[in-house]
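Throughout, protein chains are lettered first and strands after them, A, B, ... in sequence-line order, and every chain is numbered starting at 1.
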Protein chains: 2
Amino acid sequence: MKLSTRTRYAMRAMLELANGYGKGPLQTRVIAKNQDISTKYLEQIMSALKSTGLIRSQRGAKGGYILANPPEKIKLSDVFDVFEGPVVTVECVANENYCSRSADCVAKQVWGEVQRAVRNVLQSTTLQDVIDKAKITKSDYQI
Amino acid sequence: MKLSTRTRYAMRAMLELANGYGKGPLQTRVIAKNQDISTKYLEQIMSALKSTGLIRSQRGAKGGYILANPPEKIKLSDVFDVFEGPVVTVECVANENYCSRSADCVAKQVWGEVQRAVRNVLQSTTLQDVIDKAKITKSDYQI
DNA sequence: ACTATACCTACTGCTATAATGGGAATAGTA
DNA sequence: TACTATTCCCATTATAGCAGTAGGTATAGT
């Protein structure tokens, strides 16, 4: 159950944007360099983040991306869901009609609990929470 | 972050074995039929489960598989780990030297929390727990 | 005009997944 | 002994998704 690099890159990019929130747009190129990510690949990721409404863009020179909402309003689950779907698990948890065993299936319940555990962590934490945590634990922090 | 079908099949097969624990070996063919899984594919999965020591086999006619330990001694995480590795997340969480940002990386901490949440669910539940739950909620249960 | 940026589309190599298939070794049974 | 049901072992395949590359267009600032 690995995370895709897309999700990891997306999270790191969003944390960069959160960190620079209020200081104008941040460019893909800059984020890519800071995070040591392929610029071209990150471009696609930013595009996806934009299409879900998490970030806004400014085209042209001095353009870039900014968060669509303040970092304390963006939950980690918002970012996570862009590429990992509605979280973890199994088709049968989401779709009641997926399989004939559905009603009685206990395996389904197990995966449902795992799903809730993950969601609980990601929904109860905002980008701002993460930034704050970093500032507390490290003066010389990095994201 | 989908689960592989291997893991889902493995879990269902283990639950079948748990359900029939003490009644002699259960055959791949039977499990496959009950669970509507390709027999040949399940064969490989059973082989992997055996090689990790979770189940034992009896070859030849009237053979099959049995749990290596009673169902109350087998945690769901034992089954999960066979195919999903040491759980969720990201190389940098497991390997301290994976990336130069490691020491200060807050993204890493996020994924670490997710990992712990998942492990917590899977380590605190045994096969027997799941069977019991099914018996309570349904007289006509199915796994 | 020039430049830096977002934006768009297509392609590529790679790997893992989810099977399928054939057959050998083993053990019970008639 | 012959027969049969099983585990066991190995190879092959089709597909899909991931991660990344590439080239170009539209837009905005200077």
Side-chain angles (χ1 to χ4, degrees), chain A residues 1-13 16-17 20 24-68 80 82-85 89-91 99, chain B residues 1-13 16-17 20 24-68 80 82-85 89-91 99:
Chain A
M1 198 155 71
K2 267 190 195 166
L3 287 170
S4 63
T5 65
R6 280 186 304 182
T7 295
R8 299 189 293 114
Y9 291 173
M11 194 64 82
R12 283 153 65 186
E16 286 250 343
L17 290 177
L26 203 52
Q27 295 80 37
T28 301
R29 183 179 47 80
V30 172
I31 299 173
K33 196 181 179 190
N34 287 351
Q35 295 291 332
D36 199 23
I37 295 170
S38 150
T39 302
K40 274 299 197 179
Y41 192 36
L42 184 59
E43 245 180 36
Q44 295 171 36
I45 292 166
M46 300 306 283
S47 171
L49 291 171
K50 193 202 165 187
S51 75
T52 64
L54 284 176
I55 59 179
R56 294 210 195 96
S57 65
Q58 169 72 35
R59 298 185 67 166
K62 298 284 172 85
Y65 292 97
I66 56 170
L67 297 183
F80 187 87
V82 173
F83 294 112
E84 302 295 334
T89 68
V90 169
E91 186 61 21
C99 120
Chain B
M1 198 156 70
K2 268 190 194 166
L3 287 171
S4 64
T5 66
R6 280 186 304 181
T7 296
R8 298 190 293 114
Y9 291 174
M11 194 65 81
R12 283 153 65 186
E16 286 252 341
L17 291 177
L26 203 53
Q27 295 79 37
T28 301
R29 184 179 48 77
V30 173
I31 299 173
K33 194 179 179 189
N34 287 351
Q35 294 291 332
D36 199 23
I37 296 171
S38 149
T39 302
K40 273 300 197 178
Y41 192 35
L42 185 58
E43 246 181 34
Q44 294 172 36
I45 291 166
M46 300 305 282
S47 172
L49 290 170
K50 193 203 164 188
S51 75
T52 64
L54 284 176
I55 59 179
R56 295 210 195 95
S57 64
Q58 169 72 34
R59 298 184 68 167
K62 299 281 172 89
Y65 292 97
I66 56 170
L67 296 182
F80 187 87
V82 173
F83 294 113
E84 302 294 335
T89 67
V90 169
E91 186 61 21
C99 121

key: Positions of residues 54-63 of chain A (non-hydrogen atom under 4.0 Å from DNA chain D), listed by number   = A/Gln58, A/Arg59, A/Gly60, A/Ala61, A/Lys62

query = Does B/Lys2 get its side chain close enough to the base of D/dG17, under 3.5 Å, for a donor-acceptor pair?
reply = no

key: Phosphate OP1/OP2 of C/dA4 contacted by A/Arg29 side-chain N/O (<4.0 Å)   = no

query = Within less than 4.0 Å of OP1 or OP2 of D/dC8, is there a side-chain N or O belonging to B/Lys50?
reply = yes

task = Quick one: label B/Ser47 by what it contacts on the DNA or RNA (base, sugar-phosphate, nothing), any heavy atom closer than 4.0 Å.
result = nothing

task = Please work out if B/Phe83 contacts a base, only the sugar-phosphate, or nothing of the nucleic acid, heavy-atom cut-off 4.0 Å.
result = nothing

query = Rounding to a whole Å, what distance do you find between B/Ile45:CD1 and C/dT17:P?
reply = 11 Å

task = Taking all heavy atoms of A/Met11 and all of A/Phe80, pick out the closest pair and write down the distance.
result = CE-N, 4.4 Å

key: Distance in angstrom units between B/Tyr41 OH and D/dT15 C1', rounded   = 13 Å

request  = Please report the closest heavy-atom contact between B/Met46 and B/Ala13, naming both atoms and the distance.
outcome  = SD-CB, 4.0 Å

ask   = OP1 or OP2 of D/dC8 less than 4.0 angstrom from a side-chain nitrogen or oxygen of B/Tyr65, does that happen here?
value = yes

key: Interatomic distance, A/Thr5 atom OG1 to A/Ile37 atom CD1 [nearest 0.5 angstrom]   = 8.5 Å

message = What is the distance, to the nearest angstrom, from the CZ atom on A/Arg12 to the C1' atom on D/dA19?
response = 14 Å

ask   = Between D/dT7 and B/Thr28, is there an OP1 or OP2 to side-chain N/O distance shorter than 4.0 Å?
value = yes

request  = Calculate the interatomic distance between B/Lys40 atom NZ and C/dA24 atom C1'; express it in whole Å.
outcome  = 11 Å

task = Identify the heavy atoms of A/Ser38 and A/Ala32 that sit nearest to each other, and give their distance.
result = C-CB, 4.4 Å

inquiry  = Would you compute the distance between atom CD1 of A/Ile55 and atom CG of A/Leu49 and round it to the nearest 0.5 angstrom?
reply    = 4.5 Å

query = Could you give the CG-to-P distance, from B/Leu26 to D/dA5, as a whole number of Å?
reply = 17 Å

inquiry  = Using whole Å, what does the distance between atom C1' of nucleotide D/dT21 and atom CD of A/Gln44 come to?
reply    = 9 Å

key: N/O (side chain, A/Thr5) to phosphate O (OP1/OP2, D/dA19) under 4.0 Å   = yes

key: N or O in side chain of B/Ser38 less than 4.0 angstrom from C/dA18 OP1/OP2   = no

message = Can you measure B/Leu42 atom CG to D/dC8 atom P for me and round it to whole angstrom units?
response = 12 Å

message = Restricting to non-hydrogen atoms, name the atom on B/Thr39 and the atom on B/Arg29 that form the minimum distance, rounded to 0.1 Å.
response = CG2-CA, 4.1 Å

ask   = Given atom CD of A/Glu43 and atom C1' of C/dA10, what is their separation to the nearest angstrom?
value = 14 Å

inquiry  = Testing the basics here: between B/Ile66 and B/Pro25, what is the closest heavy-atom pair and its distance to 0.1 Å?
reply    = CG2-CA, 3.5 Å

